Amino acid sequence: MGWVTAGDYEVALDDGKVVCRNAAGRRLKSVPAKLADDPAVTGLRQLTEWLERHERQCLADVERWMTRSLPVPLAVLTRVWPDPAWQAALRDLVVTGADGEVAGFLRDADTGRGLGLVDLDGDTVRITPELVRLPHPVLLDDLEELREFAVELGVEQQAQQLFREVWHRPATLDAEGTQVDEYAGGVFKELRFLHGRAGSLGYRVRGGHAVCSVLEAGRQVEARVWVGDFDGYYETETGPLAWTDPAGRPLKLGQVGPVAWSEGMRMAAALYAGRDIEDEERAA
C-alpha cells in the first residue's frame with residue numbers, strides 16, 4: 001500500500017502496522033502523537049482492525065469446513081484464493097478425493113487450471129474436482145506418516161488440520177454408555193474463570209454447558225461439558241462429556257461418529273487443562 005499524506009508527514013501500512021515518514025522521506029520510529037486523530041491515520045488503523053477480523057473469519061470458516069467435513073465447490077476456492085487472508089488459511093491443507101484417498105497438499109487454486117497440489121511423491125500436480133474435500137484429521141488413515149512428510153516439506157498450516165489433537169474412540173468402550181468422565185472433576189476457583197476459558201477457546205456456553213457442534217455424515221451432533229450456571233464467583237468443576245442430537249436427546253457412545261468424538265474429547269481436554277493445579281498439588 002502506498003504512502004498517504006497526513007499533515008506534514010506521510011503514513012502507510014507495513015505488515016499490519018501504521019508507519020510514518022517525514023517530509024525528507026526518513027522513516028520515524030513511531031507515529032507522532034499529534035497525528036493520532038488525523039483522518040489518514042485513523043483510516044489506516046481502522047483498516048488494520050478490519051483486516052485482522054477478516055483474517056480471523058477466513059481461518060474460522062476454513063476450520064469449520066474441515067471439522068464438519070464439508071465439501072467445498074472448486075469455484076469457491078478459486079474465487080477466494082487471490083485474497084491473501086483466504087490463501088494463508090487454505091495453503092498446505094491436505095486435500096482428498098471422493099474416495100477418501102489423499103491427493104496432496106494444497107498450494108494453488110486457479111480458475112483455469114484447477115487446484116495445484118504437492119502429492120505424496122513430492123511432485124506438483126493439477127486436479128479439477130467439482131468438490132474439494134478438506135478432511136478432519138481423525139479421518140486420515142495415515143495421519144502420522146502425513147505429519148512426518150509435512151515436516152520434511154516444511155509445511156506450515158494456519159488451519160489446524162494435520163497437527164490438530166485427535167482422539168479415537170476406544171475399542172473397549174461401553175457402546176451403551178452416554179457419557180465420558182475422563183476430563184470431569186477439573187476444579188476452578190471461580191465459575192467465571194471456566195466460562196472465560198471456554199470462550200477463549202472458541203466454545204459457546206449455553207444452559208451451563210460448554211458446547212461444540214459438529215456436522216458429520218449429514219447429521220448435527222453437539223458435544224457438551226457441564227461447566228455450571230450459577231454465580232460467577234462460586235467454585236465449580238468440569239462435568240462429564242456427553243453428546244446430544246439436534247433435539248437435545250442424549251446419544252449412546254456407540255452412536256457418536258469419529259469426528260464428533262474427537263472434537264468433543266478435544267474440548268473436554270482443553271477445558272480440563274485450565275483447572276486449578278495448586279489445589280490438586282496441595283491435596284496430594
Side-chain angles (χ1 to χ4, degrees), residues 15-16 52 54-74 76-110 113-170 201-203 212 214-217 257-270 273:
D15 195 24
E52 290 174 351
H54 177 57
E55 288 172 359
R56 290 194 297 269
Q57 187 60 56
C58 291
L59 184 58
D61 287 345
V62 170
E63 289 197 341
R64 182 165 59 252
W65 295 343
M66 180 192 67
T67 56
R68 297 188 174 191
S69 299
L70 292 174
V72 184
L74 175 61
V76 171
L77 290 193
T78 58
R79 183 72 176 270
V80 302
W81 186 263
D83 183 332
W86 277 107
Q87 189 174 140
L90 289 163
R91 186 175 176 82
D92 282 331
L93 288 182
V94 172
V95 174
T96 59
D99 57 359
E101 291 296 316
V102 173
F105 295 91
L106 181 60
R107 289 290 173 87
D108 184 40
D110 182 82
R113 299 187 297 163
L115 298 183
L117 309 175
V118 174
D119 67 15
L120 300 187
D121 293 321
D123 298 325
T124 300
V125 297
R126 288 275 175 183
I127 61 173
T128 55
E130 289 187 8
L131 296 174
V132 180
R133 292 167 173 81
L134 308 171
H136 188 284
V138 79
L139 302 176
L140 296 170
D141 294 333
D142 300 321
L143 180 58
E144 289 304 321
E145 290 81 356
L146 284 169
R147 285 172 172 171
E148 293 176 5
F149 187 52
V151 171
E152 293 176 7
L153 285 178
V155 164
E156 295 183 6
Q157 296 180 332
Q158 280 201 16
Q160 291 189 352
Q161 186 191 39
L162 284 184
F163 297 98
R164 190 181 192 85
E165 305 95 330
V166 295
W167 278 260
H168 296 276
R169 191 170 55 194
L201 293 168
Y203 299 113
C212 172
V214 174
L215 182 66
E216 185 169 12
V259 176
W261 178 273
S262 184
E263 288 300 302
M265 292 293 288
R266 182 173 182 267
M267 175 178 68

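None of the values given here were measured: they were computed from a predicted structure.
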Q. Can you check side-chain contact (heavy atoms from CB on, under 4.5 Å) on Phe105 and Val95, steps first, answer last?
A. CA-CA 6 Å; Phe105 295 91; Val95 174; over 6 Å; no
Q. Looking at side-chain heavy atoms only, is the closest gap between Leu77 and Trp86 below 4.5 Å?
A. no
Q) More than 12 heavy atoms of other residues, nucleotides or ligands under 6.0 Å from CZ of Arg79: is that the case? A) no
Q | Minimal non-hydrogen separation, Ala159 against Val62, with atom names | A | CB-CG1, 4.0 Å
Q.
I need the Glu148 CD to Leu143 CG distance, nearest 0.5 Å.
A. 10.0 Å
Q: Answer yes or no: is there a donor N or O on one side and an acceptor on the other, between the side chain of Gln158 and the main chain of Leu59, under 3.5 Å?
A: no
Q: Please report the shortest heavy-atom distance between Gly116 and Arg126, naming the atom on each side.
A: N-NH1, 3.6 Å
Q. Do Pro73 and Val132 come close enough that some side-chain heavy atom pair is under 4.5 Å?
A. no
**Q.** Side chain proximity check, Pro137 to Glu165, heavy atoms < 4.5 angstrom
**A.** no
Q) Hey, what do you get for CG (Asp119) to CG (Asp123), rounding to the nearest 0.5 Å? A) 5.0 Å
Q: Drop me the distance from Leu74's CG to Glu130's CD, to the nearest 0.5 angstrom.
A: 9.0 Å
(Q) Nearest 0.5 angstrom please: His136 NE2 to Glu63 CD, how far? (A) 10.0 Å
Q: Mind running side-chain contact (heavy atoms from CB on, under 4.5 Å) on Met267 and Leu201 for me, showing each step along the way?
A: CA-CA 8 Å; Met267 175 178 68; Leu201 293 168; over 6 Å; no
Q: Without swapping roles, check the side chain of Gln157 against the backbone of Asp92 for a donor-acceptor pair under 3.5 Å.
A: yes
Q: State plainly whether the residues Arg68 and Glu263 are in salt-bridge range, i.e. N to O under 4.0 Å.
A: no
(Q) As a test of understanding, state which of Leu117, Leu115, Leu90, Val155 forms a side-chain contact (heavy atoms from CB on, under 4.5 Å) with Arg107. (A) Val155
**Q.** Val259 versus Glu216, closest heavy-atom pair with distance
**A.** N-OE2, 3.0 Å
**Q.** Taking every non-hydrogen atom, the tightest pair across Asp108 and Trp81
**A.** OD1-NE1, 3.3 Å
**Q.** Exam field: side chain Ser262 to backbone Trp167, donor-acceptor pair closer than 3.5 Å
**A.** yes
Q.
Just so I know, are the side chains of Leu162 and Leu140 near enough to count as touching, which here means a heavy-atom distance under 4.5 Å?
A. yes
Q: Given side-chain contact (heavy atoms from CB on, under 4.5 Å), test Arg164 with Val138 step by step and report yes or no.
A: CA-CA 9 Å; Arg164 190 181 192 85; Val138 79; over 6 Å; no
Q) Under 3.5 Å, is there a donor-acceptor pair between the side chain of Gln87 and the main chain of Pro82? A) no
Q: Determine yes or no for a side-chain-to-main-chain donor-acceptor pair under 3.5 angstrom, with Asp110 supplying the side chain and Arg113 the backbone.
A: yes
Q: To the nearest 0.5 Å, tell me how far Tyr203 OH sits from Arg266 CZ.
A: 4.5 Å
Q) Between Val166 and Arg147, which heavy-atom pair has the shortest distance, and what is it? A) CG2-NH2, 4.4 Å
Q. How many angstroms lie between atom CZ of Arg64 and atom CE of Met66, to the nearest 0.5 angstrom?
A. 11.5 Å
